[in-house]
Amino acid sequence: MDLVRHFTILSVFLTIFITESFGQLSNQKEYQFVFGIPHASNPWTVPHVLITTSSTDSIETTLSIPGFGFESVNLVTRSTPVDVSLPDNIRMDADDGKQRKTIIVTASNAVSVYAFDNEINSGDGFLVIPSSQLGTQYYAASASYKYEDSHNSFICLSSLTDDTSVFIKIKNGQEHNLILHKYESYRFDSLTDLSATFIESSKPVAVVSGGHPAGSIPNGEAIFEQLPPVHNWGNQFLLTPFLSIQTGYLYRVFAAKNSTRLNINGNSSMQLDAGEYYEGDISGDIIVSLTSNLPVMVIEIMRDYYDNFRRGDYADLLIPPVKYYTNNITFPVFNYNYGRHEDYYINVVIDCSMINGLLYDGNVSMVGWDQLTGEDGSMCVVRGKVTTGVHSVSHSDESARFAVSVYGICDCGSAYAYPGGITYSTDTSRGNRELMKLTLLYNMICTLIILPCITVGF
């Protein structure tokens, strides 16, 4: 009886261990961010990472760069965001190849992370995707919009674990293979447009891609975004014009599967195969409604400084699928601080029936809505000028969902754009694998002691 009691106690402890271990794995993924920041152009400014939260409680955050021995520990609340200035040489350069420039942010609760490279006449920013939402298949989004024979495109990879095999296939058929270890980074450059380059890895990685669309000159404008994996693409999108830019915008739609059909403002004549993209050119202040039969990725691009009458410059904006709209987001509006004319804006997209209850910085103050009626109902868009600092958009109804786009325009020949918040689905495959290992260990011990164990339910 004593032996049975001892084994029963052991079973209880194993059950608790497995359950708590799985919980820790889930939290670690949900509140961890792993990424790299591309080098835009100028060497005399520093990149920033800004951490925000919608919580009024203090959340402890740690930003670390293992390859540099850098660490910054801070507390963040809704009213007190964390702004971390990074070492200048942390940016991933064209000649880097494999480096240890991966940045890791961990938090004790839910936060949003934004990376920004604020450079004179260049720079961009992006919303960082949590580790739990990364994947193993991507298509790059680059740029060659003006000088087709003189530009630079890049792909920046950051690995979460050791022995991560990465396969890169460019549109021209060239293939590249490499192995990345934990928190190792790699930048791949090309003088051709890398858009639709296929990236596949044996384990989840973070991918930031972009380029210098106005040429590879030293001070050429850089654009970049962190990309969602293919499993987090979508089928319904709404593209809204940049306020105060009257010359319109460009956009690219990327396909991952053959026979992907696009419906753009009611025109359903466009079809793409895997690894192809469609580029649209909007010449005015026009909203675009886009749907597809198979999941796609959509990038919106601000026009060149000269095409915009010396306002702003190239910037790319990842458009979230409608199914990944969010309910409550606190986001930063970065300041150029160049001493020239600078303006900052947000666009908000929501179902027209849910406009009432939408709050900006806790107040009902959003006016000037435009309506677009499509196949799936009516969507409404509002665009407005905002101040620099941290702002929030929320809704009194927890079931309501919306999208926020943030962008800055400067007469200095620079611009940035990024999504304010996206609620992607979580890839649980890594957590499930770890859980399976723990469960197998548990079952092996139960088998060895030849006694019934307490059932572990998940």
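Quick caveat, the model's predicted, so the values are computed rather than measured.
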Give a yes-or-no answer on whether the side chains of [X] and [Y] include a donor-acceptor pair shorter than 3.5 Å.
| X | Y | result |
| --- | --- | --- |
| E184 | Y186 | no |
| S55 | R78 | no |
| D124 | Y314 | no |
| T61 | N74 | no |
| T330 | T52 | no |
| S153 | S142 | yes |

Any [X] side-chain heavy atom under 4.5 Å of [Y] side chain:
| X | Y | answer |
| --- | --- | --- |
| L194 | I170 | yes |
| V166 | I179 | no |
| I104 | I65 | no |
| F237 | V288 | no |
| H48 | D83 | yes |
| L358 | W369 | yes |

Please work out whether the ring planes of [X] and [Y] are parallel, tilted or perpendicular, with thresholds of 30° and 60°.
| X | Y | result |
| --- | --- | --- |
| Y139 | W233 | tilted |
| F126 | F224 | perpendicular |
| H391 | Y360 | parallel |
| Y416 | Y418 | parallel |

- Task: May I have the step-by-step check of ring pair (Phe, Tyr, Trp, His ring centres under 6.0 Å) for F334 and F116, ending in yes or no?
- Result: CA-CA 8 Å; F334 290 100; F116 186 67; 4.2 Å; yes

- Task: List in chain and number order the residues that pass salt bridge (Lys or Arg N to Asp or Glu O under 4.0 Å) with D163, two or more places apart in sequence or in another chain; answer none if no residue qualifies.
- Result: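 Listed in chain order: nothing, the list is empty.
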
- Mind checking salt bridge (Lys or Arg N to Asp or Glu O under 4.0 Å) for R401 and listing every partner two or more places apart, or none if nothing turns up?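 Result, salt bridge (Lys or Arg N to Asp or Glu O under 4.0 Å) vs R401: none returned.
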
- Could you walk me through whether R252 and S195 pass the side chain to side chain contact (heavy atoms under 4.5 Å, CB included) check? CA-CA 9 Å; R252 285 185 173 180; S195 285; 2.7 Å; yes

Just by modelled atom types, is the [Y] backbone N or O under 3.5 Å from a matching donor or acceptor in the [X] side chain?
| X | Y | value |
| --- | --- | --- |
| T77 | T80 | yes |
| D343 | I409 | no |
| H395 | M354 | yes |
| T53 | A110 | yes |
| E60 | S108 | no |
| N327 | A400 | yes |
| R187 | C156 | no |
| D361 | S392 | yes |
| S64 | P66 | no |
| K101 | N89 | yes |

Which heavy-atom pair separates [X] from [Y] by the least distance, and what is that distance?
| X | Y | value |
| --- | --- | --- |
| L227 | S209 | CD1-OG, 3.3 Å |
| K182 | R100 | O-NH1, 3.3 Å |
| A206 | F35 | CB-CA, 4.3 Å |
| L134 | H231 | O-CE1, 3.5 Å |
| A196 | G275 | CB-O, 3.2 Å |
| N335 | E342 | OD1-OE1, 3.4 Å |

- Within a reach of under 6.0 Å around CG of N177, are more than 12 heavy atoms found that belong to other residues, nucleotides or ligands?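 Enclosed: over 12 neighbouring heavy atoms sit under 6.0 Å from CG of N177.
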
- Query: Listed by chain and number, what are the ring-ring contact (aromatic ring centres under 6.0 Å, His included) partners of Y407, not counting sequence neighbours?
  - Reply: F242, Y345

- Query: Does the pair V205 and V207 meet the rule for a side chain to side chain contact (heavy atoms under 4.5 Å, CB included), with working shown?
  - Reply: CA-CA 6 Å; V205 295; V207 179; 4.0 Å; yes

- Task: Report the distance from atom OH of Y278 to atom CZ of F254, rounding to the nearest 0.5 Å.
- Result: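 Between Y278 OH and F254 CZ, I get 13.5 Å after rounding to 0.5 Å.
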
- Message: Taking side-chain contact (heavy atoms from CB on, under 4.5 Å) as the criterion, tell me which of T161, L157, D162, L160 meets it with L180.
- Response: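 One option only clears the test, and that one is L157.
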
- Item | Carboxylate-amine/guanidinium proximity below 4.0 Å for R91 and D93 |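 Answer for the salt bridge query: no.
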
- Between D285 and R383, is the closest basic N to carboxylate O distance under 4.0 Å? yes

- Query: For S159 and T102, what are the C-alpha separation, side-chain angles and deciding distance, and is it a side chain to side chain contact (heavy atoms under 4.5 Å, CB included)?
  - Reply: CA-CA 8 Å; S159 177; T102 296; over 6 Å; no

- Between V113 and V49, does a side chain to side chain contact (heavy atoms under 4.5 Å, CB included) hold up when you go through it step by step? CA-CA 7 Å; V113 178; V49 169; 3.7 Å; yes

